[in-house]
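Please read the structure below before turning to the comments.
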Amino acid sequence: MNDIKNLKPSNRRYKQGYINPKSCKKLYESQQDKPIIYRSSYEKVFVQWLERTPSVLRWGSECIKIDYINANDGKWHHYYPDYVVEREDGTYLIEVKPYNQTIPPSSRVPKNSYQWTTYITNVSKWKYAKEFCERNNMKFKIITENTIKKL
């Protein structure tokens, strides 16, 4: 089991919970006995979209580990992109994030703030995810609430 699967949903500011893997028809068979954890309502909506979209062949949740150097501390860490999605047009690594975590914070925000460290961590992860995808003939996509609203 991945390290990430040991992290239980929390009662933080994002709605989190479990999806019964037995209710998912396109989920990788290797994940049928593991809980599908959604860490935001955006992720829950995205999983529902995966299941009802004909061009989605198969998908997995937090099933790929990518080692990356976090620019905040210069150390190696593990990154588990939210989803792997096999579609008719190729395979995608998908990260679901609030839009405000995908753009640099305002210049008025202190550089040592949570917003900046989160943004820098995300950019570090995404750099390595893009390189992973290039090596493995995959595409990396970031999905935000702006995308979710259109699904």
Side-chain angles (χ1 to χ4, degrees), residues 2-5 7-32 34-68 70-72 77-109 113-151:
N2 294 344
D3 299 335
I4 194 79
K5 290 297 185 187
L7 297 176
K8 304 296 181 211
S10 67
N11 291 324
R12 294 194 176 173
R13 64 187 208 193
Y14 300 111
K15 181 179 176 184
Q16 299 184 357
Y18 295 99
I19 295 172
N20 180 351
K22 302 296 184 210
S23 70
C24 299
K25 306 295 184 227
K26 298 179 182 183
L27 183 66
Y28 287 140
E29 192 171 308
S30 62
Q31 292 196 303
Q32 288 290 328
K34 299 173 186 166
I36 303 301
I37 300 170
Y38 61 90
R39 302 184 191 284
S40 71
S41 58
Y42 302 144
E43 287 190 22
K44 184 178 181 182
V45 170
F46 186 69
V47 167
Q48 293 166 341
W49 178 85
L50 291 170
E51 283 294 311
R52 73 174 183 268
T53 301
S55 64
V56 173
L57 306 174
R58 296 185 324 150
W59 64 275
S61 171
E62 299 174 335
C63 55
I64 291 181
K65 178 176 82 169
I66 299 172
D67 294 326
Y68 75 99
N70 189 325
N72 285 307
H77 297 268
H78 303 304
Y79 169 42
Y80 296 88
D82 294 326
Y83 303 97
V84 176
V85 180
E86 292 180 25
R87 293 176 42 126
E88 294 170 348
D89 64 345
T91 303
Y92 296 80
L93 276 186
I94 304 290
E95 182 65 26
V96 179
K97 281 283 183 242
Y99 177 73
N100 68 358
Q101 291 183 15
T102 67
I103 58 172
S106 161
S107 59
R108 296 183 308 248
V109 175
S113 69
Y114 173 79
Q115 291 94 337
W116 271 107
T117 57
T118 298
Y119 175 72
I120 290 167
T121 296
N122 287 340
V123 169
S124 299
K125 290 176 180 179
W126 301 338
K127 173 184 180 273
Y128 283 83
K130 290 173 187 172
E131 292 171 359
F132 176 90
C133 286
E134 287 174 11
R135 289 191 310 273
N136 291 282
N137 196 29
M138 300 168 80
K139 300 167 189 151
F140 180 70
K141 298 284 184 192
I142 300 166
I143 304 292
T144 71
E145 64 273 22
N146 300 328
T147 310
I148 296 291
K149 289 175 190 173
K150 298 174 187 175
L151 297 179

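All residue numbers refer to positions in the sequence shown, counting from 1.
- Heavy atoms only, all atoms of each residue included: S124 and A71 are closest at OG-N, 3.0 Å.
- Closest of all the heavy-atom pairs between F132 and I64 is CZ-CG2, 3.7 Å.
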Can N122 and T102 be said to form a side-chain contact (heavy atoms from CB on, under 4.5 Å), step by step?
CA-CA 7 Å; N122 287 340; T102 67; over 6 Å; no
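- The distance between the ring centers of Y79 and Y128 does not fall below 6.0 angstrom.
- The backbone N or O of S61 sits less than 3.5 Å from a side-chain atom of Q31, completing a donor-acceptor pair.
- Rounding to the nearest 0.5 angstrom, the gap separating the CD atom in Q48 from the CD1 atom in I19 is 6.5 Å.
- Separating the CG atom in L57 from the CG atom in D89 is a distance of 9.0 Å, to the nearest 0.5 Å.
- Here K97 pairs with E95 under the salt bridge (charged side-chain N to carboxylate O under 4.0 Å, His left out) rule; sequence neighbours left out.
- Residues passing the side-chain contact (heavy atoms from CB on, under 4.5 Å) test with S113, sequence neighbours excluded: V109, P110, Q115, W116.
- R108 pairs by the side-chain contact (heavy atoms from CB on, under 4.5 Å) definition with S106, not counting sequence neighbours.
- For residues 139-149, no residue pair satisfies the salt bridge (Lys or Arg N to Asp or Glu O under 4.0 Å) rule, not counting sequence neighbours.
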Would you please test H77 and D67 for side-chain contact (heavy atoms from CB on, under 4.5 Å) and show each step?
CA-CA 6 Å; H77 297 268; D67 294 326; over 6 Å; no
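- With hydrogens and angles ignored, the 3.5 Å screen pairs no side-chain donor or acceptor of N146 with any backbone N or O of Y99.
- Rounded to the nearest 0.5 Å, atoms SG (C63) and CG (L93) are 8.5 Å apart.
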Is there a salt bridge (charged side-chain N to carboxylate O under 4.0 Å, His left out) between E62 and R39? Walk through the geometry before answering.
CA-CA 11 Å; E62 299 174 335; R39 302 184 191 284; 2.8 Å; yes
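- Using cut-offs of 30° and 60° on the angle between ring planes, the pair F140 and W126 is tilted.
- Side chains of Y68 and K127 form no contact here, defined as non-hydrogen atoms less than 4.5 Å apart.
- Annotation: side chain of V96 is not in contact with side chain of Y38 (no heavy-atom distance under 4.5 Å).
- With rounding to the nearest 0.5 angstrom, the OH atom of Y114 is 9.0 Å from the OG1 atom of T121.
- With hydrogens and angles ignored, the 3.5 Å screen pairs no side-chain donor or acceptor of N136 with any backbone N or O of M138.
- Pairs passing the salt bridge (Lys or Arg N to Asp or Glu O under 4.0 Å) check and including a residue from residues 43-55, sequence neighbours excluded, do not occur.
- Open room surrounds CG on N137; 12 or fewer heavy atoms of other groups in view lie less than 6.0 Å from it.
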Test side-chain contact (heavy atoms from CB on, under 4.5 Å) on W59 and V47 and set out the steps.
CA-CA 9 Å; W59 64 275; V47 167; 3.7 Å; yes
Can you give the donor-acceptor pairs under 3.5 Å from side chains of residues 20-30 to other protein atoms, not counting sequence neighbours?
| residue | atom | partner | partner atom | Å |
| --- | --- | --- | --- | --- |
| N20 | OD1 | K22 | N | 2.8 |
| K22 | NZ | Q32 | O | 3.1 |
| S23 | OG | N20 | O | 2.7 |
| K26 | NZ | T53 | O | 2.5 |
| K26 | NZ | V56 | O | 3.0 |
| Y28 | OH | E86 | OE2 | 2.8 |

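- Here CD of Q16 is found 8.0 Å from OG of S40. Values are rounded to the nearest 0.5 Å.
- Annotation: the span from D82 atom CG to I143 atom CD1 amounts to 10.0 Å, rounded to 0.5 Å.
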